[in-house]
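The sequence lines fix the lettering, A, B, ..., with proteins before strands; numbering per chain opens at 1.
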2 protein chains.
Amino acid sequence: MITNPRVEATRARILNAALDAFVLDGYTGASTDVIAAAAAASKQTVYKYFGDKEGLFRALISDVVDRVHDSIVRLDIDAYEDGEAVVRALARLLTDSVLDRRVQRFRRLVIAEAARFPDIGRAYYEGAFEHTLGRMADLLASASERGLLHIDEPRIAANQLAGLLLWIPSNRIMMTGRFDAISEAEVESGLESGVRVFLAAFRD
Amino acid sequence: MITNPRVEATRARILNAALDAFVLDGYTGASTDVIAAAAAASKQTVYKYFGDKEGLFRALISDVVDRVHDSIVRLDIDAYEDGEAVVRALARLLTDSVLDRRVQRFRRLVIAEAARFPDIGRAYYEGAFEHTLGRMADLLASASERGLLHIDEPRIAANQLAGLLLWIPSNRIMMTGRFDAISEAEVESGLESGVRVFLAAFRD
DNA sequence: TATGAACGGTACCGTTCAGTACGGTACTGA
DNA sequence: TCAGTACCGTACTGAACGGTACCGTTCATA
């Protein structure tokens, strides 16, 4: 694939504008006129690159999923000497990444459009959501092998840690639509109590 | 308020049709033409009762929130003699109600439109979501007072139980758009392992 | 059975929006 | 300097949709 830098820049500008528009107004609510204007591009160019509105939307989703896929949780598990430290580090990484404004907004978009584009929802779920959980499970398994934790089914444990930490803040953010609906202190205390419950179940 | 049965029936038919349409296509995607047709009503009548599209949407939301509010978890906590039974009963009640197709679809709708109607999202979050958690917290507190569990902060514990049980299935359902994405067996094993973790932390 | 309110059906208006056409401009590379 | 390509701006078309108007019909009730 030839990468004309000018083309690439225009394409990126359009995708950026599309992200903003779709995330704010949803698929139906966003208009290609507004997207083109925000990207300082002409509709002509938008349609030339992406075919139609649906093509633009799909390109946007896979673009983001690919980035999530690449930037997946890297944690040097060997640097930690006890289970509590491992779990706390993992918990912080997870909350920091998932409760990020952009991530929350994007997830809301995917959920909102899952009825219209079932394949897109599935792609995101498998490519981003489950992929992250799989990585977490690997880390927990490795900690378990080193005797820091006692985990028989790492995948389930990873799911549970995520649920403990994210259920409340994620729902509050998505339902209220306010991406700053959770204070620093709440995140902190939620993390602390979540880690405590997890350790009660999986440290010896 | 005079309750003309004919008026009431027409109104109910319109709200039912609106629920289906909004849940399927979102606020922007649903059309009042389709809603009126599905309700076997004329647009004239729809607009007479609800003013405009937004009025119809708001009426629908508060209608549903009121119903959730009324049918809130009632569980005879005194019937149980040990903590495990209490938690298991609570867990089943919670998963059965929250993972219900209609509930999931409605929550997705609220999330999808939270940006467009922030007050609606907040009303649902406080009137339905938090209300249920509060009721759960009461039950856990009562079990704790009877010595069946050891819970210092019932509200937090209720949040955590919900997160343990619902994070994965709820996300899978909403993101894939398939409301049968979770098998009976998965629900069962998720419930079992969630209860186990919860008990490890809160039983003695 | 007479009366009026509730209601359905259809046509209509104004606007928005996806998608297209076209003419002109900036850049790039030989 | 010339050719080709990327791109912008604007105007346009056709369809969908929110909302309104009008007329005929149904139905409860007195």
| Donor-acceptor pair present, A/Lys43 side chain and D/dG9 base, under 3.5 Å | no

Does a side-chain N or O from [X] land closer than 4.0 Å to OP1 or OP2 of [N], or not?
X	N	answer
B/Thr32	D/dG18	yes
B/Arg13	C/dG8	yes
A/Thr45	D/dC8	yes

| field | B/Thr28-B/Arg116 side chain donor-acceptor pair, cut-off 3.5 Å | value | yes

Any idea which of [options] is nearest the [X] side chain?
X	options	value
B/Ser42	C/dG8, D/dC8, C/dG19	C/dG8
A/Lys53	D/dG19, C/dA18, C/dG9	C/dA18
A/Asp33	D/dA6, D/dC17, C/dC17	C/dC17

Starting at [atom1] of [X] and ending at [atom2] of [N], how long is that distance when rounded to a whole Å?
X	N	atom1	atom2	value
A/Ile35	C/dA18	CD1	C1'	11 Å
B/Lys48	C/dG8	NZ	C1'	13 Å
A/Tyr47	D/dG9	OH	C1'	16 Å
B/Glu54	D/dG19	CD	C1'	14 Å

Going from [atom1] on [X] to [atom2] on [Y], what distance comes out if it is rounded to the nearest 0.5 angstrom?
X	Y	atom1	atom2	result
B/Leu165	B/Leu93	CG	CG	11.5 Å
B/Leu19	B/Arg105	CG	CZ	8.0 Å
B/Leu140	B/Arg135	CG	CZ	11.0 Å

| said: Categorize B/Ala36 for me: base, sugar-phosphate, or nothing, with a 4.0 angstrom heavy-atom threshold over every strand shown. | reply: nothing

| query | How is B/Ala30 classified with respect to the nucleic acid when contacts are heavy atoms under 4.0 Å: base, sugar-phosphate, or nothing? | reply | sugar-phosphate

| Pairing partner (Watson-Crick or G-U wobble, both distances under 3.5 angstrom) of C/dA30 | D/dT1

| Note, A/Asn16 side chain near A/Asp20 side chain (heavy atom, < 4.5 Å) | no

| query | Where along residues 16-25 of chain A does a heavy atom fall under 4.0 Å from DNA chain C? | reply | none

| request: Take the angle between the ring planes of A/Phe57 and A/Phe117 and call it parallel below 30°, perpendicular above 60°, tilted in between. | output: tilted

| With under 30° as parallel and over 60° as perpendicular, where do the rings of A/Tyr125 and A/Phe129 fit, or are they tilted in between? | parallel

| In terms of the nearest nucleotide of DNA chain C, which residue is placed more toward the 5' end: A/Gln44 or B/Ala41? | B/Ala41

